[in-house]
Amino acid sequence: MPELRTIEAVELLPAVVLGVARTIGSRAVIIKGRTLSVQGLRSPWNSGDVDVWVAPEDFEEFVAEMKARQWYDRDQKVLAPLSGPASAFTVHSVTLQGPGWPIALDVHRCYPG
């Protein structure tokens, strides 16, 4: 099987990610990257990853579902609960890497971040 090229992965991964969000009943939206170019909000951009915002209440379930599909933490960040003043200092996203994917997936639970 031929390897996926970066440009192909950037086009395909949003569909995969939004499909996973739909499967678990979560709200999600692709942010940053190529999506903004397609919407005419910025000049063409060659992305090296895909960024998705997932509803904060669904964040852990979404990440767990991606991990069940063999995606793994690329950076091993530890996420603290978002509450109180400490929420300003918590990690806002995790970076996942999937087998066979030449790009990463940044899953955001708050934005901007």
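Just so you know, these numbers use all the heavy atoms, side chains as well, and skip hydrogens, waters and symmetry mates. By convention here, the first residue in the shown sequence is residue 1. Predicted, not measured: the structure shown is a model, and the values here were computed from it.
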What heavy-atom pair brings [X] and [Y] nearest, and what distance separates the two atoms?
X	Y	value
R109	E60	NH1-OE2, 3.8 Å
D58	S26	OD2-OG, 3.0 Å
V94	V63	CG2-CG2, 3.9 Å

Looking only at atom types and distance, does a side-chain atom of Q97 sit under 3.5 Å from a main-chain N or O of W101, one as donor and one as acceptor?
-> yes

Consider only side-chain heavy atoms of I, L, V, M, F, W and Y, link residues closer than 4.5 Å, and tell whether I7 and V50 are in one cluster.
-> no

Spatial distance of atom CG (L13) from atom CD1 (I103) [nearest 0.5 Å] | 5.0 Å

Look up atom CG in D51 and atom OG1 in T95, then write down how far apart they are to the nearest 0.5 Å.
-> 8.0 Å

Of V107, I31, D106, the residue whose pairing with W53 passes side chain to side chain contact (heavy atoms under 4.5 Å, CB included) | I31

Is there a side-chain contact between [X] and [Y] (heavy atoms, below 4.5 Å)?
X	Y	value
F59	H108	no
K67	D73	yes
V17	V20	no

Check whether more than 12 heavy atoms from other residues, nucleotides or ligands sit under 6.0 Å from atom [atom1] of [X], and answer yes or no.
X	atom1	result
R5	CZ	no
E57	CD	yes
I24	CD1	yes

